[in-house]
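See structure below.
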Amino acid sequence: MFIEIVAIVLSLGLLMFFAYRGYPVIVFAPIFTLLAVLISGIALMPSYTEVYMVNAANYVKNFFPIFLLGAVFGKVMELNGAASSIAQSLVKALGSKRAMLSVVLACGILTYGGVSLFVVAFAVYPFAVSIFREANIPKRLIPGTIALGAFTFTMDALPGTPQIQNIIPTTYFGTDSYAAPILGIIGGLIVFGLGLFWLERRRKQAEAAGEGYGQGHKNEPEGLDNQKYPNLWVSIIPLVLVLLFNYLLSRGFLTVNNWYSADLLKTFNIANVKTVSSSWALIVALCIGILSAICINARVVQSKLAAGLTAAAMGALLAIFNTASEVGFGNVVKTLPGFKAIQGWILGLSSHPLISEAISVNVLAGVTGSASGGLSIALEVMGKQYLAAANNAGISPELLHRIASMASGGMDTLPHNGAVITLLAITGLTHRQSYKDIFAITVIKTVTVLVLAIILSIF
């Protein structure tokens, strides 16, 4: 058994190391998957074609529409200038004295409105550079600031967020994206407050050491002074529409639960509409958001739409295949003998389903380097067990949903995480320069969800 556990740990360590060095996860995930299989003495080719590829393909099947529509929505919001308008307005309103707060809020508003994490980083980065340079804050703190705004509380904690990490649990627990709203809001506020405290502490340390923005940085954006963007209130309309219709189609009078009869759904092998209703609601809401976004600066958008849609589609393909490759990695790992020992260790840490779930999702998100990937694997392997235990203990499935969703955004941001690698590439910085602050945000998120799970287990 020792060798089987070493196989998993070694393959994960190599995947993290190569991702840290900038090698593509989509190429090396299957390589190190097969290395783990080989060391474990399991059949090589069946593990690749019938486990790795099948699970990767199933992930693409289930979530590609959301990845694609999210990317398109974000790209159109970028083309029409609405995303930049929101970022610019917040930066100007709060000023350089609150540079970090303005960047976090800009990222948070865009993410909560349905703009994909990658587009948010592109849209906010130029304004972050401008205001950090004005406030003489080290550029190396920008990735951590963007990560706090885009990768944490609005990604998976706040109720109704249309990000994929908040949609995946609905398939396993029969909930919707607004599950456990009070818990989500409390958790989100804690992460927001502690994250800002850490970043401001780092800023003061740099100021005391006489460190400023710095010179000779890569990927410095062009000046923004002569660029004009849409009115702020017009710019937020698509975001509001996505949130509004996502709610109406999930819990309101337009709910997709009532669109089709049970007999009709059975012909499509859908036993319970709640397993797909959240995805359907978000798909329709994003389509409405995209159409409304196209109407803003329609002439500008029209002239760039073809190239923009191509870029969005390519970005969505890269994002989902990166994640799917990590999901394939995780699903092969769960078939290996060593994983049973790891799973038993995780389940043995606590008999309470919320605590055990928080730990397992965090660990698997770290293993795969993906919040959505780790979340999918954890719930696929242990979701039914957690749901049964929660029902026996009188725990609402909504609490399972929110804890799982928040836990996915904990240890997922290890060095091999695709969003982290992309964020550093956008900002022209390296892991060595900026990862410390991203990791601090990761620790804050991980500890927060574990503490909330422990408190809920007591009361």
Side-chain angles (χ1 to χ4, degrees), residues 63 66-67 70 104 107-118 120-121 146-173 175-195 242-243 246 250 278-279 282 319 323 354 357-366 368-379 383 386 397-414 417-420 423 438 441-453 456:
F63 298 111
I66 296 174
F67 272 83
V104 170
C107 292
I109 290 172
L110 290 170
T111 308
Y112 192 59
V115 180
S116 69
L117 309 179
F118 299 97
V120 169
I146 293 178
L148 175 61
F151 300 172
T152 60
F153 60 99
T154 53
M155 184 180 81
D156 51 47
L158 296 186
T161 176
Q163 300 299 327
I164 190 69
Q165 293 80 7
N166 190 39
I167 303 302
I168 291 173
T170 64
T171 302
Y172 299 92
F173 301 136
T175 51
D176 58 39
S177 61
Y178 291 86
I182 295 177
L183 176 64
I185 291 171
I186 292 173
L189 289 175
I190 292 172
V191 173
F192 174 78
L194 291 178
V242 170
L243 291 173
N246 187 35
S250 297
S278 289
S279 294
L282 183 54
T323 305
L354 293 180
E357 180 188 51
I359 295 171
S360 65
V361 172
N362 255 310
V363 169
L364 288 170
T368 60
S370 165
S372 55
L375 179 60
S376 297
I377 295 169
L379 297 186
Y386 288 140
E398 291 202 354
L399 293 178
L400 282 175
H401 172 131
R402 188 56 54 204
I403 290 294
S405 182
M406 291 181 64
S408 74
M411 296 306 295
D412 67 310
T413 44
L414 290 177
N417 174 266
V420 170
L423 175 58
I438 297 175
I441 302 302
T442 298
V443 172
I444 289 170
K445 186 68 182 296
T446 302
V447 172
T448 297
V449 70
L450 286 174
V451 169
L452 289 174
L456 288 171

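- Formation of a donor-acceptor pair under 3.5 Å by the E398 side chain with backbone atoms of A179 is not found in this model.
- When all heavy atoms of Y112 and P162 are compared, the closest pair comes out as O-CD, 3.2 Å.
- In this structure, L158 CG and Y178 OH are separated by 11.0 Å, a value rounded to the nearest 0.5 Å.
- The two residues A180 and R402 make their nearest non-hydrogen contact at CB-CB, 3.7 Å.
- The shortest heavy-atom contact between E357 and F173 is OE2-CZ, 3.4 Å.
- No donor-acceptor pair closer than 3.5 Å links the side chain of T111 to the backbone N or O of G108.
- Counting heavy atoms from C-beta on, the side chains of L400 and P169 never come closer than 4.5 Å.
- Of all the heavy atoms in I441 and G195, the pair that sits closest is CD1-CA, 4.0 Å.
- Considering only residues two or more places apart in sequence or on other chains, S278 meets the side-chain hydrogen bond (donor to acceptor under 3.5 Å, both in side chains) condition with none of them.
- The side chain to side chain contact (heavy atoms under 4.5 Å, CB included) search around S279 returns I66, I167, not counting sequence neighbours.
- The side-chain hydrogen bond (donor to acceptor under 3.5 Å, both in side chains) test applied to T161 returns no partner, not counting sequence neighbours.
- With salt bridges taken as basic N to acidic carboxylate O contacts below 4.0 Å, one links D156 and K445.
- Between M155 and A150, the shortest heavy-atom contact is CB-O, 3.8 Å.
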Quick one: do L456 and I403 satisfy side chain to side chain contact (heavy atoms under 4.5 Å, CB included)? Show the steps, please.
-> CA-CA 10 Å; L456 288 171; I403 290 294; 4.2 Å; yes

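- Between L148 and F153, the closest heavy-atom pair is O-CE2, 3.4 Å.
- N166 contributes atom CG, which lies 11.0 Å from atom OG1 of T154 (distance to the nearest 0.5 angstrom).
- The distance from the CG atom of L282 to the CG atom of D176 is 12.0 Å, given to the nearest 0.5 Å.
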Residues M406, L452; criterion side chain to side chain contact (heavy atoms under 4.5 Å, CB included); working and verdict = CA-CA 10 Å; M406 291 181 64; L452 289 174; 4.0 Å; yes

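- For the atom pair OG of S405 and CD of Q163, the computed distance is 10.0 Å after rounding to the nearest 0.5 Å.
- Listed by chain and number, the residues in a side chain to side chain contact (heavy atoms under 4.5 Å, CB included) with I359 are I346, L349, I355, V363, L450 (sequence neighbours excluded).
- With rounding to the nearest 0.5 Å, the separation of CG in L375 from CD1 in I168 is 5.0 Å.
- Separation of atoms OH (Y386) and OG (S360) is listed at 3.0 Å; rounding is to 0.5 Å.
- Here T175 pairs with H401 under the side-chain hydrogen bond (donor to acceptor under 3.5 Å, both in side chains) rule; sequence neighbours left out.
- Take Y172 and apply the side-chain hydrogen bond (donor to acceptor under 3.5 Å, both in side chains) test, not counting sequence neighbours, and it matches E380.
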